[in-house]
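These notes are about the structure you will find just below.
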Amino acid sequence: MLLPTKKALTPSRVCAALFRRVRLLWMRMRNPRARFGNKCDVRTRVEFRVGPGATVDFGEGCVLDRDLTVECDGVLRVGDRTIFGHHCTVAARSSVIIGEDCLIAEMVSIRDHDHRFERLDLTTREQGEVVAPVRIGRNVWLGAKVTVARGVTIGENAIVGANAVVTHDIPANAIAAGVPARILRMRGETP
């Protein structure tokens, strides 16, 4: 049986680790209303827009890849060890709660609000927004370019395939895909 070997501390690895810590410290200083757990890895060009009274909380060991955009006027809570791919957007007017150990691939959009558009005598922009909380359970994998709409709950251990648009709840252990996303099968079942 082979035991895992410890990686050698090279000058480049030490430099990279130090740079990650400096970026995290810089992010904490720039965003005093946001909390970042220990060992968070904040990559380049991560942007936060946090309103007064908003709560932003990233658990321990989260990875925020490059060009992540976070817009929060409400509550955003992300569990430990959740990974965001590059160019993701998370926007919380009311509440977005994401569980621990989630994999959120590149270019995913998660929003708890949408535009109103019922009236024809006003522009869409003038009609305001509809807001409903989003809940994503632990160990969820959202594939590349998934869109999660307002009011959706995705159960733990669910998988949502690339390019899906989630407009309705996805139960725990489901594998879903499509526009709009629909359940293809449950994890643990034979295909």
Side-chain angles (χ1 to χ4, degrees), residues 31 33-37 40-42 46-65 68-116 128-189:
N31 299 285
R33 290 190 303 265
R35 188 189 82 72
F36 301 90
C40 278
D41 185 359
V42 180
V46 172
E47 184 176 342
F48 278 76
R49 297 180 200 129
V50 180
T55 300
V56 176
D57 188 1
F58 285 89
E60 187 171 308
C62 289
V63 176
L64 287 64
D65 205 349
L68 170 72
T69 300
V70 173
E71 301 170 357
C72 186
D73 292 316
V75 175
L76 170 62
R77 286 202 175 90
V78 179
D80 295 346
R81 299 170 305 280
T82 288
I83 299 172
F84 291 89
H86 62 83
H87 293 89
C88 289
T89 299
V90 181
R93 294 280 190 272
S94 171
S95 173
V96 173
I97 308 296
I98 301 171
E100 60 190 25
D101 296 308
C102 291
L103 298 174
I104 300 173
E106 65 273 5
M107 296 185 246
V108 169
S109 175
I110 303 169
R111 298 171 185 269
D112 70 351
H113 58 283
D114 202 353
H115 294 285
R116 292 187 180 277
E129 297 176 336
V130 181
V131 179
V134 170
R135 302 282 181 266
I136 299 173
R138 63 172 291 285
N139 192 36
V140 169
W141 176 19
L142 301 178
K145 300 180 185 176
V146 165
T147 298
V148 178
R150 67 179 161 81
V152 166
T153 296
I154 300 175
E156 66 180 32
N157 304 313
I159 297 172
V160 180
N163 298 304
V165 178
V166 184
T167 58
H168 299 311
D169 292 353
I170 304 290
N173 305 314
I175 298 173
V179 179
R182 62 183 180 80
I183 298 168
L184 303 176
R185 66 183 173 92
M186 301 302 285
R187 291 181 70 182
E189 293 178 359

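For the single chain, residues carry numbers from 1 onward in sequence order. Here the structure is a predicted model, which means the values were calculated and not measured. Just the heavy atoms: all of them, side chains too, but no hydrogens, waters or symmetry mates, feed the values below.
The closest side-chain heavy-atom distance from V50 to E71 is not below 4.5 Å. Within the 4.5 Å cutoff, the side chain of H168 has no heavy atoms near those of the R182 side chain. A heavy-atom distance below 4.5 Å is not found between the side chains of I83 and C102. Side-chain contact between V56 and C72 is present, with at least one heavy-atom pair separated by less than 4.5 Å. Contact of the V166 side chain with the V160 side chain is registered, since non-hydrogen atoms from C-beta on lie closer than 4.5 Å. With contacts defined as side-chain heavy-atom distances shorter than 4.5 Å, the pair R187/I175 qualifies. Inter-residue side-chain proximity for D41 and C62 is flagged as unmet; no heavy-atom pair is nearer than 4.5 Å.
In plain terms, the two heavy atoms of G143 and A105 that are nearest each other are C-CB, 3.5 Å. Across all non-hydrogen atoms, the minimal contact from A149 to V134 is O-CG2, 3.6 Å. Residues R77 and T55 come closest through the heavy atom pair NH2-CG2, 4.2 Å. The two residues A91 and V96 have their closest heavy-atom pair at O-CG2, 3.8 Å. G59 approaches D80 most closely through the heavy-atom pair CA-OD1, 3.2 Å. In plain terms, the two heavy atoms of L184 and A177 that are nearest each other are CD1-CB, 3.8 Å.
The salt bridge (charged side-chain N to carboxylate O under 4.0 Å, His left out) test applied to D57 returns R35, not counting sequence neighbours.
If you check the side chains of N139 and D101, you find no donor sitting under 3.5 Å from an acceptor. Residues S95 and R135 bring a donor and an acceptor atom of their side chains to less than 3.5 Å of each other.
In this structure, the separation between CG on D169 and CD1 on I154 is 8.5 Å, given to the nearest 0.5 Å. For the atom pair R150 CZ and T167 OG1, the distance stands at 10.0 Å (nearest 0.5 Å). Between the CD atom of E156 and the CD atom of E100 there is a distance of 9.5 Å, given to the nearest 0.5 Å. Within the model, atoms CG of L76 and CD1 of I97 stand 7.5 Å from one another, a figure rounded to the nearest 0.5 Å.
Each of D65, L68, V46, T89 was checked for a side-chain contact (heavy atoms from CB on, under 4.5 Å) with F84, and the lone residue meeting it is L68. Checked against L142 for a side-chain contact (heavy atoms from CB on, under 4.5 Å), the options I98, V108, T147 give a single hit: V108. Residue E106 forms a side-chain contact (heavy atoms from CB on, under 4.5 Å) with just one option from H86, K145, H87, and that option is H86.
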Exercise for the section: Could you give me the CA-CA distance, side-chain angles and deciding distance for V42 and F48, then say whether side chain to side chain contact (heavy atoms under 4.5 Å, CB included) is met? Expected result: CA-CA 12 Å; V42 180; F48 278 76; 5.6 Å; no
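Using a cut-off of 4.0 Å between Lys/Arg side-chain N and Asp/Glu carboxylate O, R93 and D112 are scored as not salt-bridged.
A parallel orientation is assigned to the rings of F58 and F36, their planes being inclined by less than 30° (bins at 30° and 60°).
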